[in-house]
Q: 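Below is a structure I'd like to ask you about.
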Amino acid sequence: MLRCPAMAEIKPFRALRYDTERAGPLEGLIAPPYDVIGPEEREEYLALSPYNVVHLTLPDSEDEAAGDLRSWREDGILADEAPGFWALSQDYIGPDGVARTRTGLVASLKIEPYENGVVLPHERTHRGPKEGRLRLLRATKTQLEPIFLLYEGEAPFAVPDRPPDLEVEGTRLWRLDDEAIGEAFADRRLLIADGHHRYETALAYHDEVGTPESGYMMVVVVSTSDPGLMIFPTHRVAASVNGPSPTHDDVRLALHDLEGRPRDRAAAVLYRRDGRISLLSGSEGQLDVELVEAQVPGDVTYTASVEDAVDAVDRGAAEGAFLVRPLRVEDVFDVAARGETMPQKSTYFYPKLVSGLLFHPLDA
């Protein structure tokens, strides 16, 4: 297990949550995270309810979001909770068709610069998304969506044996009043699974504001031992490729052989039209996604579906599809612990967290 001298501070927080008697059913109020919602989906969520969370996470303007949030609190649409932790359970069917349940803890995390070694990134970020999120955080002074973190070791809490306090579309939340839960994280490193841009935005906001409240953010922490935690592969679809000679004429056989390759050496399948399928090999210690990044000369798109990747090539929308194995959690931790980052879209943690269940105000 990874240990570090710096201490992670996880604590209960004073949440805001919808009063469904005033706001309406949760089904009309929640949404996926802002960064997976396209323009058409945004309009659909906005139309569900005047109180849907997308009015805050993807507003027409930051000032409009701040005004909505303020009026929702004044009108009782959002109600204050006493400080507490929350157990989170998500039922889902993964891209592989298997039903699972992932369990985590919703809490307030004291944010730390990466160099302190408490919170570890594993992916590179881009400036543009952070600028927009920073303007929104300045306006609302509220963490509107949690980010997703991993830790090694068993979970220091259990899901209560009672009906959940919140339940919607396979997601359930139970309030936990045991403040000692946070002590279990004092000697653990936390790895950002999803939410690098929002974490770095929170750091930038705290640098500007410098209040005790601005030094915290809402997170969901999940144990790497949780049976419902999965990393799914993200395949690369390339507009142009310069691949080696074919090694297979059946993509299923190529994928079978890929799975049999040792995990300490990078490998991937390159699928091209007319039965040109190549099993690629990389260097020892190299990740599959690093091998692919070195092979792709131009534009690339991403998909979690082998079928969609192959179809894009078959219908002429791309020249090749690079099919990769899912990363192992231990590989992601190892890269992050070395202070390194992975190529974009290296990990695909599914399902996404639900936005709109809880909010984390940063005002006093």
Side-chain angles (χ1 to χ4, degrees), residues 92-102 122-123 150 152 191 193-194 222-238 241-296 300-314 318-338 340-352:
Y92 70 98
I93 298 176
D96 57 358
V98 177
R100 298 181 178 90
T101 299
R102 189 178 69 198
H122 76 271
E123 287 189 348
L150 302 178
E152 293 184 308
L191 174 73
D194 203 357
V222 174
S223 167
T224 58
S225 303
D226 186 80
L229 175 68
M230 295 292 295
I231 301 179
F232 295 97
T234 305
H235 311 295
R236 274 69 171 151
V237 180
V241 294
N242 296 307
S245 301
T247 59
H248 293 69
D249 57 12
D250 187 306
V251 69
R252 290 170 297 178
L253 291 177
L255 289 171
H256 179 270
D257 290 347
L258 173 65
E259 288 300 325
R261 290 293 182 94
R263 292 304 299 251
D264 60 355
R265 184 180 293 272
V269 168
L270 170 57
Y271 177 83
R272 290 169 290 174
R273 286 190 294 277
D274 304 322
R276 293 179 298 152
I277 304 166
S278 305
L279 182 55
L280 310 177
S281 295
S283 306
E284 185 175 351
Q286 188 181 36
L287 300 173
D288 294 2
V289 288
E290 293 172 333
L291 167 65
V292 171
E293 187 175 60
Q295 297 282 332
V296 178
V300 62
T301 57
Y302 307 91
T303 178
S305 167
V306 170
E307 292 77 14
D308 289 350
V310 168
D311 178 66
V313 176
D314 287 343
E319 282 193 7
F322 291 88
L323 311 176
V324 296
R325 298 170 291 186
L327 279 168
R328 298 174 299 180
V329 173
E330 56 265 34
D331 293 331
V332 183
F333 256 104
D334 287 345
V335 170
R338 295 196 301 267
E340 301 172 4
T341 55
M342 297 178 180
Q344 187 180 16
K345 305 291 185 183
S346 291
T347 56
Y348 178 38
F349 290 94
Y350 185 88
K352 294 289 186 178

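This structure is a prediction, so every number in the text was calculated from the model and none was measured. What you see below is based on every heavy atom in this structure, not just the backbone, and it leaves out hydrogens, waters and symmetry mates. Position 1 is the first residue of the sequence, and the numbers go up from there.
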Q: So how far is it from Asp274 CG to Asp314 CG, rounded to the nearest 0.5 Å?
A: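 These two atoms lie 9.0 Å from each other.
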Q: Could you check whether any side-chain N or O of Arg273 sits under 3.5 Å from a backbone N or O of Val313, counting only pairs where one atom can act as donor and the other as acceptor?
A: yes
Q: Taking side chain as C-beta onward, heavy atoms only, is Val289 less than 4.5 Å from Lys345?
A: no
Q: Nearest 0.5 Å, what's the CG-CZ distance between Asp226 and Arg100?
A: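 If we round to the nearest 0.5 Å, Asp226:CG and Arg100:CZ are 11.0 Å apart.
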Q: Heavy atoms, side chains only, cut-off 4.5 Å: are Tyr92 and Met230 in contact?
A: yes
Q: Identify the heavy atoms of Pro244 and Ser278 that sit nearest to each other, and give their distance.
A: O-OG, 3.3 Å
Q: Checking His122 against Thr347: is there a side-chain donor and acceptor pair closer than 3.5 Å?
A: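 Distance-only check passes for Thr347 and His122.
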Q: How about Ser346 and Glu290: do any of their side-chain heavy atoms sit closer than 4.5 Å?
A: no
Q: Should we count CZ of Arg338 as having more than 12 external heavy atoms under 6.0 Å?
A: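 Atom CZ in Arg338 is crowded, with more than 12 foreign heavy atoms closer than 6.0 Å.
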Q: Within the structure provided, determine whether Gln295 and Leu270 are in side-chain contact (heavy-atom separation under 4.5 Å).
A: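 Heavy-atom side-chain distance check fails, nothing below 4.5 Å.
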Q: Taking C-beta and beyond as the side chain, do Asp250 and Ile277 meet within less than 4.5 Å on heavy atoms?
A: no
Q: Looking at every non-hydrogen atom in both residues, tell me the closest pair between Arg325 and Pro262 and how far apart they are.
A: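 Taking every non-hydrogen atom into account, NH1-O, 3.6 Å.
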Q: Checking His235 side chain against Tyr302 main chain: does a donor-acceptor pair fall under 3.5 Å?
A: no
Q: Side chain to side chain contact (heavy atoms under 4.5 Å, CB included), that's the test. Do Arg236 and Thr234 meet it? Break it down for me.
A: CA-CA 7 Å; Arg236 274 69 171 151; Thr234 305; 3.7 Å; yes
Q: Any side-chain heavy atom of Val292 within less than 4.5 Å of one from Val300?
A: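 They are not in contact (no side-chain heavy atoms under 4.5 Å apart), so the answer is no.
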Q: What pair of heavy atoms forms the shortest contact from Leu291 to Ala266, and how long is it?
A: CB-CB, 3.8 Å
Q: Under 3.5 Å, side chain of Thr247 to main-chain N/O of Leu279, donor-acceptor pair present?
A: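 Confirmed, Thr247 side chain pairs with Leu279 backbone.
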Q: Quick check on Asp257: does its CG atom have over 12 non-hydrogen neighbours (other residues, nucleotides or ligands) under 6.0 Å away?
A: yes
Q: Could you check whether any side-chain heavy atom of Val332 comes within less than 4.5 Å of a side-chain heavy atom of Met342, counting everything from C-beta outward?
A: yes
Q: Please report the shortest heavy-atom distance between Ala254 and Val269, naming the atom on each side.
A: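 Heavy atoms of Ala254 and Val269 come nearest at O-CG2, 3.6 Å.
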Q: Working to the nearest 0.5 angstrom, can you tell me the gap between Arg265 CZ and Leu287 CG?
A: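 One finds 13.0 Å between CZ of Arg265 and CG of Leu287.
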Q: Heavy-atom count around Lys352 NZ within 6.0 Å, excluding the residue itself: above 12?
A: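 Buried by this count: over 12 neighbours within 6.0 Å.
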Q: How far apart are the C-alpha atoms of Leu191 and Thr224, what are their side-chain angles, what is the distance that settles it, and do they pass the side chain to side chain contact (heavy atoms under 4.5 Å, CB included) test?
A: CA-CA 10 Å; Leu191 174 73; Thr224 58; over 6 Å; no
Q: Which heavy atom of Arg261 sits nearest a heavy atom of Leu280, and at what distance?
A: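 Shortest heavy-atom contact: NH1-O, 4.4 Å.
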Q: Can you check side chain to side chain contact (heavy atoms under 4.5 Å, CB included) on Val306 and Tyr271, steps first, answer last?
A: CA-CA 10 Å; Val306 170; Tyr271 177 83; over 6 Å; no
Q: Does any part of the side chain of Phe349, heavy atoms only, come nearer than 4.5 Å to the side chain of Leu150, both counted from C-beta?
A: yes
Q: About how many Å separate OG of Ser305 and CG of Asp96, when rounded to the nearest 0.5 Å?
A: 12.0 Å
Q: Taking all heavy atoms of Ala238 and all of Phe322, pick out the closest pair and write down the distance.
A: CB-CE1, 4.1 Å
